[in-house]
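What follows is a set of notes on a single structure, which appears directly below.
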There are 2 protein chains.
Amino acid sequence: MAIGRSTQSTSQTPEPGAARRPSRARGIPEATVARLPLYLRALTALSERSVPTVSSEELATAAGVNSAKLRKDFSYLGSYGTRGVGYDVEYLVYQISRELGLTQDWPVVIVGIGNLGHALANYGGFASRGFRVAALLDADPTVVGNSAAGLPVRHMDELEAIVESQHVSIGVITTPPGAAQQVCDRLVDAGVTSILNFAPTVLTVPDGVDVRKVDLSIELQILAFHEQRKAGEESGHNDSVLDRAPGPVRAAAAKLRRAAGAAKAEPVKGKPAKGTEGELSAVMPA
Amino acid sequence: MAIGRSTQSTSQTPEPGAARRPSRARGIPEATVARLPLYLRALTALSERSVPTVSSEELATAAGVNSAKLRKDFSYLGSYGTRGVGYDVEYLVYQISRELGLTQDWPVVIVGIGNLGHALANYGGFASRGFRVAALLDADPTVVGNSAAGLPVRHMDELEAIVESQHVSIGVITTPPGAAQQVCDRLVDAGVTSILNFAPTVLTVPDGVDVRKVDLSIELQILAFHEQRKAGEESGHNDSVLDRAPGPVRAAAAKLRRAAGAAKAEPVKGKPAKGTEGELSAVMPA
DNA sequence: TAGATTGTTAATCGATTAACAATC
DNA sequence: TAGATTGTTAATCGATTAACAATC
């Protein structure tokens with residue numbers, strides 16, 4: 001990996017990059033930052049019901065966390081509660097919004113207007129949180145000119161001009177995986193410093209650029225892992241006996257496997273893995 | 001929260017629920033499980049290029065992690081490498097696939113066929129990893145009967161029959177937020193034990209049911225937080241002086257705010273938060 | 001044998017949690 | 001004042017990382 005460049009985090013794991021650099025902005029831990037939107041959503045719902053105050057216990061339940069964690073999280077923001085009373089809903093909405101930077105306008109561009117790009121363009125959560133779709137972009141001439149969510153799809157060639165004129169700092173990549181790094185490079189060169197990547201591609205970006213990744217396939221695979229375990233508790237596992245054996249036996253087995261041929265070593269049980277034939281295709285077609 | 005029920009994790013944070021129960025299945029930490037799909041993807045790419053072996057350093061770079069973490073992760077699976085040589089690509093693909101449960105077929109149902117449901121139905125990453133779309137379901141009569149990704153959209157009424165006859169254990173929710181819990185309950189009652197939730201709703205499920213959440217809005221908000229900090233390092237922050245003051249002063253300020261009126265406490269600087277007027281609308285319309 | 005690379009150890013770090021003093 | 005609830009402390013837990021002995 002080249003110096004001065006870092007690869008992105010996945011959204012599943014407490015990203016290594018963020019943990020290393022002093023990204024605990026103003027001392028707020030990453031784990032806390034990731035929960036602030038949850039609290040904000042719960043508080044907004046309370047606000048709409050005109051609930052004036054809420055206790056840490058109530059709010060924690062609504063947000064799906066425990067109250068100790070919530071109070072700890074809020075302690076990083078300041079002392080915004082009142083002992084014996086709870087938190088003022090409106091005031092807390094404001095404070096968290098401000099902390100997250102949602103009191104300002106964030107123009108974003110979406111690159112790659114297939115099914116997923118369309119879905120995102122129409123996503124209500126964008127507009128309602130200060131995010132504004134500045135432009136939809138695609139490289140495909142048959143897509144350019146179409147309308148999505150009331151906006152025209154514009155050609156990639158306009159990217160740089162749009163980013164500059166509208167001061168876009170956030171880009172969303174919904175291209176096929178093969179185009180993602182190239183699009184990312186162009187976004188970064190144009191001045192974008194935060195990227196939300198839906199393509200199943202590891203992006204390399206310069207220091208100072210944040211990347212977050214959303215990967216549908218990974219989420220499903222994690223579910224499958226746990227699902228398999230549930231099933232395994234009832235019936236027997238279908239693992240190879242050798243693979244489950246103590247260290248020395250396993251090592252010997254590995255040796256045998258390798259001796260059988262390097263380039264196309266056969267799995268011990270001869271059961272080929274599914275899905276190895278092709279890498280994930282595009283997040284959305286064209 | 002009712003006993004025997006738990007709320008879901010978000011995919012952003014190491015979920016509290018999973019950490020509490022002995023979900024370290026067979027001793028594999030959650031953080032490691034979440035990275036296995038990344039390794040698998042990188043290995044699959046190497047496999048397609050017919051690369052026979054790979055070192056932890058090379059594979060780690062391809063997957064976007066560091067090599068110490070990768071070796072530690074693999075150590076939970078067993079000793080599948082060869083000192084001085086590296087890992088056999090094909091064999092590791094098989095082992096990780098098996099560990100994740102991808103050597104078997106996973107029928108899934110997608111409920112809510114709007115833009116996002118469409119995008120997921122067409123998502124190539126489903127089929128290529130052992131996930132098979134068993135059915136697309138929607139409650140809207142004007143959507144039922146349409147075709148998406150070569151499959152007919154069927155009515156919600158058929159949910160139970162489909163889940164049972166096709167042994168569906170994984171459900172994907174892409175409905176508007178208001179319908180999500182209800183759909184979740186039906187899925188669980190029908191026998192689904194893993195749910196991937198795209199609706200911005202905290203789902204409550206019985207013990208034994210896994211929920212993972214993908215939330216586009218939350219990802220963007222986290223990016224905005226970091227983006228704001230970058231900008232703040234150059235110009236001055238627009239924080240209230242009182243809010244940045246030491247504890248006692250802040251406490252006094254909070255007291256003043258509350259005294260000003262409970263139900264509609266005015267933010268100190270009188271700058272109302274954007275986006276508080278309405279909760280996030282549907283993930284996709286209708 | 002010499003070089004390369006794994007698998008593991010131990011130290012460090014960050015996140016979670018329970019408990020309770022502070023205080024409304 | 002008595003009850004309620006916050007904000008903080010300290011203990012615990014899990015994840016990361018560097019380093020290196022084992023060993024191919």
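- Residue B:Ser56 places at least one side-chain N or O under 4.0 Å from the OP1 or OP2 atom of C:dT6.
- Between the OH atom of B:Tyr80 and the P atom of C:dG7 there is a distance of 11 Å, rounded to whole Å.
- Atom OH of A:Tyr87 and atom P of D:dA4 are 18 Å apart (whole Å).
- Comparing D:dT16, D:dG7, D:dA18 against the side chain of B:Ala31 picks out D:dT16 as the nearest.
- Among the nucleotides D:dA18, D:dT6, C:dT8, the one closest to any side-chain atom of B:Ser75 is C:dT8.
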query = Are B:Gln221 and B:Ser217 close enough, and set up right, to give a side chain to side chain donor-acceptor pair (under 3.5 Å), and what steps lead you there?
reply = CA-CA 6 Å; B:Gln221 290 175 54; B:Ser217 168; 2.7 Å; yes
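- The residue from A:Leu92, A:Leu40, A:Leu36 that alone fulfils the side chain to side chain contact (heavy atoms under 4.5 Å, CB included) condition with A:Ser97 is A:Leu40.
- Using a 4.5 Å cut-off on side-chain heavy atoms (C-beta onward), B:Gln95 and B:Glu90 make no contact.
- In terms of position on DNA chain C, the residue among A:Thr32 and A:Gly84 whose nearest nucleotide sits closer to the 5' end is A:Thr32.
- The distance between atom NZ of A:Lys72 and atom P of D:dT9, rounded to the nearest whole Å, is 8 Å.
- Across the strands present, C:dT23 finds its partner in D:dA4; the criterion is a Watson-Crick or G-U wobble pair with both atom distances under 3.5 angstrom.
- Nearest nucleotide to the A:Glu30 side chain, out of C:dT16, C:dA15, C:dT5: C:dA15.
- To the nearest angstrom, P of D:dC24 lies 16 Å from CG of B:Asp88.
- Taking atom CD on A:Glu57 and atom C1' on D:dA4, their separation rounds to 12 Å, with Å as the unit.
- Contact check for A:Leu100 versus A:Pro37: side-chain heavy atoms found under the 4.5 Å cut-off.
- When the C1' atom of D:dG7 is taken as reference, atom CG of A:Asp73 falls 13 Å away, rounded to whole Å.
- For the pair B:Arg35 and D:dT16, the criterion of a side-chain N or O lying under 4.0 Å from OP1 or OP2 is met.
- Of the nucleotides present, D:dG14 is the one that pairs with C:dC13 by Watson-Crick or G-U wobble criteria, both distances under 3.5 Å.
- Nearest-nucleotide positions on DNA chain C for A:Arg83 and B:Arg83 put B:Arg83 closer to the 5' end.
- Under 3.5 Å, the side chains of A:Thr193 and B:Glu227 contain a donor-acceptor pair of N or O atoms.
- Atom pair B:Lys69:NZ and C:dG7:P shows a separation of 18 Å (rounding to whole Å applied).
- The nearest whole Å value for the distance from the CG atom in B:Asn66 to the P atom in D:dT16 is 9 Å.
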